[in-house]
Amino acid sequence: MLTKNMKRMLAVVLSLAMMATLTVGLAEEEKLEQPELNPHVKSIIEVDGYQFIDLNSNGELDVYEDWRLDAETRADDLVAQMTVREKIAQMQHPTYLPRADGKIAPYLEKYCTDYGIGMLLIRELNSVQTAAETMNAVQEYAEASRLGVPVLVSMDSVHGLSYVSGATVTGHNLALAATRDEELVIKLAEMAREEHIAIGVRMTLSPESDIASEPRWGRVMETFGEDPELVTSMVRAQIVAFQNGTEGVNKDGIVACIKHFPGAGPQMDGKDTSPIVADEETLQIHLQPYYAAIEVNVGSVMPYYSVPLALDMENSAIGSKAALQDLLREQMGFEGIIQTDWGMIWAIQEGLGTMTGEEVSDEEAIIIGVTQSRVDGIGGESIRLIDQMEELVGEGKIDEEIITAAAKRIVKAKFELGVFENPYCDVEYAVSFVGNEEHTALNLEAARKAMTLLKNDGTLPLTANAGQTILVCGPRAGDMDSLVGGWSSSQEGLTIAAAVAEYAGENDTVTYISDDVTAIAEAAKTADVVIVSVGEPSYQHDPPWGYATLEITPSQQEILEAVKANTNGLIITVVTGGRPYILTWCDENTNAILEAYYPGQQGGIAIAETLFGLNNPTGKTPLQFPRDMDSVNDQSGDVSFDLENPLYEYGWGLSYDE
């Protein structure tokens, strides 16, 4: 058996042979283009008339430092130089939240320089400048580490560069699905890729590739709806745009991370993280987007917290060998990074504990995740996991070869991205580019195309500047977050109420009352038009109304009924949110219903333009809208299009010219 030193010597010999071959080849071929090098800490060395960064500061050109070589060769050399601890550190993907004042927390330098973490999820950046400066600091800290390995910075950017205030934040996928416009989705994803690169973020934890067969699930908003074919085509389009082609990770793209494997849409009774109820037949339907993603060489796959009952009756997908090794690796042929969802230890403990009743220790959960399901990137765990895993390797409970394979996949992606030569961004350029006017216009176009007119008795469009009194009411109408939706930082823009006031015209009187029912009832008496905004506020996993219902809350229903009882004017319902709500009362008692989903930063403008006829609505529902909860409770959570007598069918949507 080869010892570690023997393996290292063999790698060096092979690498020197490759370099010698390359040198001979270069004499016969055209001179290679020198990439831009931008070290902040380490030195530049010259070899064969080219410049390279001496990342390990040994004064020599190591194979992994040689940008002329392929990513595979460089990755082999780098991991051969790593200690066990350094390889474990590459697998870590912790979360960084900046301080409230925007300053960088002291522990970040320790994470990157001393521990040498491989990846970092970053959130809640209060400006584009702060974002770009923070990314540069991260890479400067990483460059100062022993081997100078850059950090792969990621973001939960499921709808644009969503965790940067002032960036372009689009509508959630459910809104984009309503456009049925794949070319538009491609343009938006290309725009997002460019904004990510501009601030130094090179991995997006998206696209969300689940099929929304269970309408109660809170994360329906992140999906492209319930049609497997539409979901698959849109997901594929996003991946190709994010990664700049179909050939996999490259220097002009960002790493896409498709989620949540093996298809988390069929959550039992709609409760998030509950078992995935797909059977062997329907599982194949929910896997369609993942097969398509692998065909275009998606860089990363994220397994979910839930237990996939068709594959494994005990383990969450994160901890399931059947799901990740037997299915994803062996049957589907995925070779990229398996990136856990956040909280591997908890997910494995929760899955096994719920399904078997057994208590699972932290150590047992770590061993399951690393040696059985064999994940690569481990998201959201304490930095102490490095110590724990190192100890388990030392005790022989984790095979070092597993750690080596995981570390290699991660650093190989970084070589493919080209970040070893220059991981830094241009702060001044980022500030001028991110959220620019062209991107804002494209975002508004998407919001306009998402607008879905569910009902209209001829009331819409309204005539602006007609000397009318307009009452806007409902708490969502004055809340920007209710337009942007979850998985994002706070963003500036026009709320529904503000946009209606701006577009109504100077001869119209617009009043906004949030949730004072008495005041709303009184104002409704003299209103010519009442616009009632209903829907769920911004959220992430668990819907504020609860997963057990899709009915409008009593407080919002009270507003609707107060308006109906007190006005002789027209009543227009504007719906925002991320699930197919039961709108039967609104359909029977109001003049028009406009479904806006979570339309993004420009949603308020798009809604107002649609109400006043400046935008002709063309959106089509990306899922069925139920008539009542009985039909929801009777449907099968793993099957699409199976609601009995839906209020609005899949693909429903009116226009003004119909």
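Given the structure is predicted, the values throughout are model-derived calculations rather than measurements.
- In this structure, the side chain of Glu143 engages the main chain of Val41 through a donor-acceptor pair within 3.5 Å.
- Shown here for Ile117 and Pro94, the closest heavy-atom pair between the two residues is CD1-CG, 3.9 Å.
- Checked by atom type and distance alone, the side chain of Gln92 never pairs as donor or acceptor with a backbone atom of Ala89 at under 3.5 Å.
- Counting only distance, with no hydrogens or angles, the side chain of Gln51 and the backbone of Glu46 share no donor-acceptor pair below 3.5 Å.
- Dense packing is recorded around NZ of Lys42, with more than 12 heavy atoms of other residues, nucleotides or ligands lying under 6.0 Å away.
- Heavy-atom minimum distance, Val231 versus Asp210: CG1-O, 4.0 Å.
- The two atoms that bring Ala317 and Pro262 nearest to each other are CB-CD, 3.9 Å, heavy atoms only.
- Asn250 contributes a side-chain N or O that, together with a main-chain N or O of Gln243, makes up a donor-acceptor pair within less than 3.5 Å.
- In this structure a side-chain-to-backbone donor-acceptor pair under 3.5 Å is missing from Asp54 to Ile45.
- Between Asp70 and Thr73, the side chains place a donor N or O and an acceptor N or O closer than 3.5 Å (distance only, hydrogens not considered).
- Here Trp487 and Tyr163 keep their ring centres 6.0 angstrom or further from each other.
- Side-chain contact of Ser361 with Glu364: a donor-acceptor pair under 3.5 Å is present, judged by distance alone.
- Residue-environment remark: CD (Gln288) exceeds the threshold of 12 foreign heavy atoms within 6.0 Å.
- When only modelled atom types and interatomic distance are considered, Ser145 and Thr113 share no side-chain donor-acceptor pair under 3.5 Å.
- Under the 4.5 Å side-chain criterion, counting only non-hydrogen atoms from C-beta, Met119 is not in contact with Gln90.
- Counting heavy atoms of neighbouring residues, nucleotides and ligands inside a 6.0 Å radius, atom CD of Glu395 exceeds 12 of them.
- Side-chain polar atoms of Asn136 and Glu140 form no donor-acceptor pair below 3.5 angstrom.
- Note that CG of Asp114 is 10.5 Å distant from CD1 of Ile386, once rounded to the nearest 0.5 Å.
- For His172, the ring pair (Phe, Tyr, Trp, His ring centres under 6.0 Å) partners two or more places apart in sequence, or in a different chain, are His159, Tyr598.
- Side-chain contact check for Met203 versus Cys257: some heavy-atom pair is nearer than 4.5 Å.
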Verdict with reasoning, Ile410 to Ile337, per side chain to side chain contact (heavy atoms under 4.5 Å, CB included): CA-CA 7 Å; Ile410 292 164; Ile337 297 168; 4.2 Å; yes
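- For the ring pair (Phe, Tyr, Trp, His ring centres under 6.0 Å) test, residues two or more places apart in sequence or in another chain that qualify with Tyr424 are His40.
- A donor-acceptor contact shorter than 3.5 Å links the side chain of Arg202 to the backbone of Lys251.
- Of the candidates Val255, Leu161, Val164, Val153, His196 forms a side-chain contact (heavy atoms from CB on, under 4.5 Å) with just one, namely Leu161.
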Mind running side chain to side chain contact (heavy atoms under 4.5 Å, CB included) on Met191 and Asn436 for me, showing each step along the way? CA-CA 10 Å; Met191 173 191 70; Asn436 64 48; over 6 Å; no
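- Contact check for Val370 versus Met389: side-chain heavy atoms found under the 4.5 Å cut-off.
- The two residues Pro289 and Ser209 have their closest heavy-atom pair at CG-O, 3.5 Å.
- Side chain of Arg374 to backbone of Thr371: a donor-acceptor contact under 3.5 angstrom is found.
- In this structure a side-chain-to-backbone donor-acceptor pair under 3.5 Å is present from Glu65 to Leu55.
- Each of Lys87, Lys408, Arg329 was checked for a salt bridge (charged side-chain N to carboxylate O under 4.0 Å, His left out) with Asp376, and the lone residue meeting it is Arg329.
- Under a cut-off of 6.0 angstrom, the local environment of CZ in Arg236 is sparse, with at most 12 non-hydrogen atoms contributed by other residues, nucleotides or ligands.
- Between the side chain of Ser382 and the main chain of Leu385, no donor-acceptor pair closer than 3.5 Å is present.
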Can you check side chain to side chain contact (heavy atoms under 4.5 Å, CB included) on Arg68 and Leu32, steps first, answer last? CA-CA 8 Å; Arg68 297 172 297 181; Leu32 295 175; 3.5 Å; yes
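- Residues that satisfy the ring pair (Phe, Tyr, Trp, His ring centres under 6.0 Å) test with Phe415, not counting sequence neighbours, are Phe420.
- Scored by the side-chain contact (heavy atoms from CB on, under 4.5 Å) test, Ala241 finds Ile186, Ala189, Glu190 as partners (sequence neighbours excluded).
- Judged by distance alone, the side chains of Asp312 and Ser320 do bring a donor and an acceptor atom under 3.5 Å apart.
- Atoms OG and CD, from Ser57 and Glu60 in turn, are 12.0 Å apart once rounded to the nearest 0.5 Å.
- Glu416 pairs by the salt bridge (charged side-chain N to carboxylate O under 4.0 Å, His left out) definition with Lys412, not counting sequence neighbours.
- Remark: the Gln81 side chain and the Asp62 side chain contain an N/O donor-acceptor pair separated by less than 3.5 Å.
- Of all non-hydrogen atoms in Glu208 and Phe224, the two that sit nearest each other are O-CD1, 4.3 Å.
- For Glu247, the CD atom is loosely surrounded, since the number of other residues' heavy atoms within 6.0 Å does not exceed 12.
- Of all heavy-atom pairs spanning Val151 and Gln139, the tightest one is O-NE2, 2.7 Å.
- A cation-pi contact, defined as under 6.0 Å to the ring centre and within 45° of the axis, is absent between Lys259 and Tyr290.
- Residues Val249 and Ile254 form no side-chain contact, since every pair of their non-hydrogen atoms from C-beta on lies 4.5 Å or further apart.
- Expressed to the nearest 0.5 Å, how far CD1 of Ile368 lies from CD of Glu314 amounts to 9.5 Å.
- Looking only at distances, a side-chain donor or acceptor of Asn173 sits under 3.5 Å from a matching main-chain atom of Glu222.
- The structure places OH of Tyr305 at 6.0 Å from CD1 of Ile318, a figure rounded to the nearest 0.5 Å.
- Taking 4.5 Å as the limit, every side-chain heavy atom of Tyr96 sits out of range of all side-chain heavy atoms of Tyr111.
- Looking at residues two or more places apart in sequence or on another chain, you find a ring pair (Phe, Tyr, Trp, His ring centres under 6.0 Å) between Phe433 and Tyr429, His439.
- Lys103 is not listed as a side-chain neighbour of Pro98, based on a closest heavy-atom distance of 4.5 Å or more.
- Ring pair His93/Trp342 is perpendicular by interplanar angle, where above 60° counts as perpendicular and below 30° as parallel.
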What do the steps show when you test Leu120 against Leu108 for side chain to side chain contact (heavy atoms under 4.5 Å, CB included), and what is the final call? CA-CA 10 Å; Leu120 182 70; Leu108 188 58; 3.7 Å; yes
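- Looking only at atom types and distance, the side chain of Thr168 has a donor-acceptor partner in the side chain of Glu195 under 3.5 Å away.
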Passes side chain to side chain donor-acceptor pair (under 3.5 Å), Ser157 versus Thr204? Steps please. CA-CA 6 Å; Ser157 40; Thr204 176; 2.8 Å; yes
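- A salt bridge does not link Asp66 with Arg74: every distance from a Lys NZ or Arg NE/NH1/NH2 to an Asp or Glu carboxylate oxygen is 4.0 Å or more.
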